[in-house]
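See structure below.
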Amino acid sequence: MSLIAPVKDGKIVETTSQSSLDKAKKNSSSNGMDKDAFLQLLVAQMRYQDPLEPTSNTEFISQYAQFSQVEQLQNMAGSMDLQRASSLVGQQVRVKTTNSSGDTNYVEGKVDYVTYEGGKAYLSVNGDLYSIDDLDTVADAEYLEAFELALNWVSELNKLPSVANISMDEAEAIDKLKETYDNMTDYQKSFIASEKVKDLEAYVERLEELRKAAEEADKGTEDSDKTEGTEDSDKTEGTEGPDKTEGAEGSDNTGGTDSAGE
């Protein structure tokens, strides 16, 4: 059990392990009379009985028999808990805890060892102790991995807007969902409902339409730019033509003048 507690805003934060241990202790103390309390009552009854009307031996034997039954039942329950907990060593489990604020948290990991204290069995998961009463699931590691993967995948899919309202802003998220699904094994895909797979296909199809529309728009812009560039070039060539002609005419005129002068 870790002796280090997380601190947030200057206050010690209740860990999932501490929540489980506190709950176990609280339940243990509120379960009513145990065998020790029963024995104390029996001794007090013998000590403070009326000497003029003492309790009969038969009644004492009957009460002692009841005490023995209570002790045996508690020992049996504790033994069963310990046996159950011991069978979990090396198994992949999920523990469900509830803190003092009412928030529910899940912890997954392999049971390293089991300890038994105060009539309660505790599981060591990820280096922390948890009451066996908080055990939620015992499953194969592959199952838990597939379950978590499908749960996160569906959660991300549900964050997307409706198919008709998506834009290129959601392109990266949709591509990632498709890539994740394509990389899943058949076993992992079996955890995802067929309706969700159809939703993904609709998103992918709509995204392809948006991409084609964007490509056509970009192509139209490029063609327009090229057309404008050609028109500008034609205008420039038309302007240079007269200049050159005028230059030639000027040269001819000059030449003519010189000849006349001569």
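All heavy atoms count here, side chains included; hydrogens, waters and symmetry mates do not.
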Quiz item: From Asn105 CG over to Asp134 CG, what is the distance, rounded to the nearest 0.5 angstrom?
Solution: 11.0 Å
Exercise. Measure the NZ-CD distance between Lys176 and Glu156 for me, rounded to the nearest 0.5 Å.
Key: 7.0 Å
Exercise. Could I get the full list of salt bridge (Lys or Arg N to Asp or Glu O under 4.0 Å) partners for Lys198, not counting sequence neighbours?
Key: none
Quiz prompt | Gap separating the CH2 atom of Trp153 from the CG atom of Leu200, nearest 0.5 angstrom | solution = 4.5 Å
Exercise. State the CG-OG1 distance between Asp133 and Thr97, to the nearest 0.5 angstrom.
Key: 13.0 Å
Quiz prompt | Non-hydrogen side-chain atoms of Lys196 and Asp199 separated by less than 4.5 Å | solution = yes
Quiz item: Between Arg211 and Met168, does a side chain to side chain contact (heavy atoms under 4.5 Å, CB included) hold up when you go through it step by step?
Solution: CA-CA 8 Å; Arg211 282 177 170 157; Met168 293 303 296; 3.8 Å; yes
Self-check item: hydrophobic_cluster_shared for Met184 and Leu157, side chain cutoff 4.5 Å
Solution: yes
Quiz item: Would you call Lys96 and Thr137 a side-chain contact if the rule is heavy atoms closer than 4.5 Å?
Solution: no
Quiz item: Which heavy atom of Asp112 sits nearest a heavy atom of Val89, and at what distance?
Solution: O-CG1, 3.7 Å
Quiz item: Does Ser155 reach the main-chain N or O of Leu151 with its side chain, forming a donor-acceptor pair under 3.5 Å?
Solution: no
Quiz item: How many angstroms lie between CG in Asn183 and CG in Leu149, if you round to the nearest 0.5 Å?
Solution: 10.0 Å
Practice problem: Would you kindly confirm whether Leu135 and Tyr143 end up in one hydrophobic cluster when ILVMFWY residues are joined by side chain heavy atoms under 4.5 Å apart? | Solution: no
Practice problem: Start with the C-alpha gap between Asn152 and Thr180, add the side-chain angles, then the distance that decides, and say whether side chain to side chain contact (heavy atoms under 4.5 Å, CB included) holds. | Solution: CA-CA 11 Å; Asn152 294 333; Thr180 302; over 6 Å; no
Self-check item: Joint hydrophobic cluster, Val107 plus Val138, side-chain heavy atoms closer than 4.5 Å
Solution: yes
Quiz item: Under a single-linkage definition using a 4.5 Å side-chain heavy-atom cutoff for Ile, Leu, Val, Met, Phe, Trp and Tyr, are Tyr116 and Val93 assigned to the same hydrophobic cluster?
Solution: yes
Donor-acceptor pairs are to be reported for all side-chain atoms of residues 203-210 against protein atoms at under 3.5 Å, with residues two or more places apart or in another chain.
unit_1, atom_1, unit_2, atom_2, d
Tyr203, OH, Pro161, O, 2.5
Arg206, NH1, Glu209, OE1, 3.1

Quiz item: Transitively linked via ILVMFWY side-chain contacts under 4.5 Å: Val197 with Tyr187?
Solution: no
Quiz item: So do Tyr181 and Lys178 actually touch side chain to side chain, heavy atoms under 4.5 Å?
Solution: no
Quiz item: Taking atom NZ of Lys189 as the centre, does the number of heavy atoms from other residues, nucleotides or ligands within less than 6.0 Å exceed 12?
Solution: yes
Practice problem: First locate atom CG of Asp136, then atom CD of Glu108, and finally report the distance between them rounded to the nearest 0.5 Å. | Solution: 9.5 Å
Practice problem: Please assess Glu145 against Gln188 for the test side chain to side chain contact (heavy atoms under 4.5 Å, CB included), listing each intermediate value before the final yes or no. | Solution: CA-CA 8 Å; Glu145 180 183 0; Gln188 293 170 340; 4.3 Å; yes
Quiz item: Below 4.5 Å, heavy atoms only, C-beta onward: do Leu177 and Leu160 meet side chain to side chain?
Solution: yes
Quiz prompt | Single hit among Asp128, Asn126, Ile132 for side chain to side chain contact (heavy atoms under 4.5 Å, CB included) with Tyr130 | solution = Asp128
Quiz item: Just wondering, are more than 12 heavy atoms of other shown residues or ligands nearer than 6.0 Å to CD in Glu170?
Solution: yes
Practice problem: May I ask you to decide if the ring planes of Phe191 and Phe147 are parallel, tilted or perpendicular, using 30° and 60° as cut-offs? | Solution: perpendicular
